[in-house]
2 protein chains.
Amino acid sequence: MNKISTRAQIIQHADQLFYQQGFENTSFADIAGMVKISRGNFYHHFKSKDEILKAVIELRLANTQNMLDKWQTSTDNPTKRIECFIKILITNWSKIKYYGCPVGTLTSELAKLNHSLQANANELFSLFRNWLAAQFELMGQVKKADAFAMHILARSQGVATLGNSFRDENFVKQEVEQMCDWLNSLKKQQG
Amino acid sequence: MNKISTRAQIIQHADQLFYQQGFENTSFADIAGMVKISRGNFYHHFKSKDEILKAVIELRLANTQNMLDKWQTSTDNPTKRIECFIKILITNWSKIKYYGCPVGTLTSELAKLNHSLQANANELFSLFRNWLAAQFELMGQVKKADAFAMHILARSQGVATLGNSFRDENFVKQEVEQMCDWLNSLKKQQG
DNA sequence: GTCTATAACTGGATAGAC
DNA sequence: GTCTATCCAGTTATAGAC
């Protein structure tokens with residue numbers, strides 16, 4: 001019955017704004033405007049802007065874990081699971097088109113700011129990396145599991161960046177298809 | 001005999017700072033500090049930060065064109081030329097490690113700012129794209145030339161982003177090798 | 001006591017007058 | 001080329017509302 005807490009609202013809107021506008025470029029006034037509270041009131045919930053970022057990253061980690069868990073239970077075929085990952089590019093295309101990949105753009109921005117929460121943001125990549133590696137292991141690719149995970153992560157990342165720059169959906173679809181082809185060629189090798 | 005002009009110095013240092021710190025996060029004072037001129041003098045050369053960005057992008061376009069021209073003359077083998085491109089990841093690793101790809105991080109940042117110079121920055125990608133496509137055509141891959149160009153551009157981009165995040169040189173080297181293998185497998189197909 | 005609004009402080013930014 | 005104006009960010013202090 002309770003309404004969503006103010007704290008949760010702040011995190012939720014900050015999450016969205018950090019993604020769409022970037023962390024640095026998003027001000028308290030921006031967030032306050034969306035949550036409809038006064039600027040000063042923030043400090044009742046968070047000690048600093050960095051704490052909001054920390055909470056946002058934690059929210060993203062939780063949401064990502066949820067997504068991976070769902071994929072894990074919705075099918076027992078690891079190849080199909082990896083395909084779920086690859087196809088986020090298409091599922092989320094309407095956002096990626098304008099704002100890029102939420103993980104890659106955040107880690108890149110924090111790297112340039114030399115921000116103290118770089119490691120936290122990188123955990124988002126690690127979450128995908130480890131999950132993907134686990135799937136490749138299930139496919140029988142034990143030795144190359146991590147390398148393959150990084151490979152597919154990197155290709156997805158590149159497609160997101162180029163897709164965002166050129167705003168070309170066909171390019172994204174083609175690359176997704178190629179990644180799926182590559183994935184399925186691995187399966188056959190294992191037979 | 002002339003010393004490098006003040007204007008050129010501003011652009012050069014801005015280029016470096018925009019790359020290392022990001023565009024938004026770099027202030028006039030930062031640039032003025034490096035060029036060692038007063039801030040008033042700044043306005044003699046540039047009316048706004050956006051004008052500096054425009055000049056920086058033009059400088060990068062010129063530098064990129066120079067690099068491509070050099071590769072074009074230093075070898076008449078298109079496959080080897082594309083390898084030159086792929087291997088920038090290793091050549092520039094010491095910078096990519098900390099600041100990512102100068103092109104990808106700029107276009108991503110400008111996309112989030114919804115900046116008016118997005119199209120100018122994208123030209124940097126187009127320069128590479130068209131040059132790569134021309135090389136693939138010379139390799140005999142006429143129909144797929146542009147798709148291959150985008151493919152290799154995207155993969156390089158992804159490797160830069162992940163390399164920057166995980167700071168893992170071995171990963172970069174492995175991916176570079178794989179891209180070169182892929183490239184050479186195309187050559188054989190054509191005979 | 002918990003949450004919120006208002007106002008003011010501080011530093012850094014762009015901008016522009018002199 | 002200095003110096004100032006203005007604005008806006010993050011932050012803090014205080015006092016009121018529930």
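Remember, it's a predicted structure, so these values are computed and weren't measured experimentally. What's counted below: heavy atoms across the whole structure, side chains too, no hydrogens, waters or symmetry copies. Protein chains get the first letters and strands the later ones, always in sequence-line order, with residue 1 at the start of each.
Distances shorter than 4.0 Å separate none of the side-chain N or O atoms of A:Ser48 from OP1 or OP2 on D:dG10.
Rounding to whole angstrom units, NZ of residue A:Lys47 and P of D:dA13 are separated by 15 Å. Between B:Glu51 atom CD and C:dT14 atom P the separation is 14 Å, expressed in whole Å. Atom CG of A:Leu113 and atom P of D:dG10 are 13 Å apart (whole Å). When rounded to the nearest whole Å, the span between NE2 of A:His44 and P of D:dT11 equals 17 Å. Computed from coordinates, the A:Phe46 CZ to C:dT4 C1' distance equals 16 Å when rounded to whole Å. A straight line from CD1 of A:Ile37 to P of C:dA5 spans 7 Å, rounded to a whole angstrom. Atoms CG (B:Leu53) and C1' (C:dT14) sit 16 Å apart, rounded to a whole Å. Between the NE2 atom of A:His45 and the P atom of C:dT4 there is a distance of 5 Å, given to the nearest Å.
Checked against the 6.0 Å centroid threshold, A:Phe28 and A:Phe46 do not count as a close aromatic pair.
Both tests hold for B:Arg129 against A:Phe166: distance to the six-membered ring centre under 6.0 Å, angle to the ring axis within 45°.
Remark: the backbone N or O of A:Ile152 is paired with a side-chain donor or acceptor of A:Ser156 at under 3.5 angstrom. Checking side-chain atoms of A:Thr26 against main-chain N and O of A:Leu17 turns up a donor-acceptor pair under 3.5 Å.
Taken residue by residue, residues 11-30 of chain A places no heavy atom nearer than 4.0 Å to DNA chain C.
Classified by interplanar angle (parallel below 30°, tilted 30° to 60°, perpendicular above 60°), the ring pair B:Trp182/B:Phe148 is perpendicular.
Considering only side-chain atoms of B:Asn41, the nucleotide from D:dG1, C:dC3, D:dT11 that sits closest is D:dG1. Side-chain atoms of A:Tyr43 lie closest to D:dG10 of the nucleotides D:dG10, C:dT14, C:dT2. Considering only side-chain atoms of A:Lys49, the nucleotide from D:dG10, C:dC3, C:dT14 that sits closest is D:dG10.
Looking only at side-chain heavy atoms (C-beta outward), B:Ile57 and B:Glu123 stay at 4.5 Å or farther from each other.
Within the model, atoms CD of A:Glu175 and CE of B:Met150 stand 8.0 Å from one another, a figure rounded to the nearest 0.5 Å.
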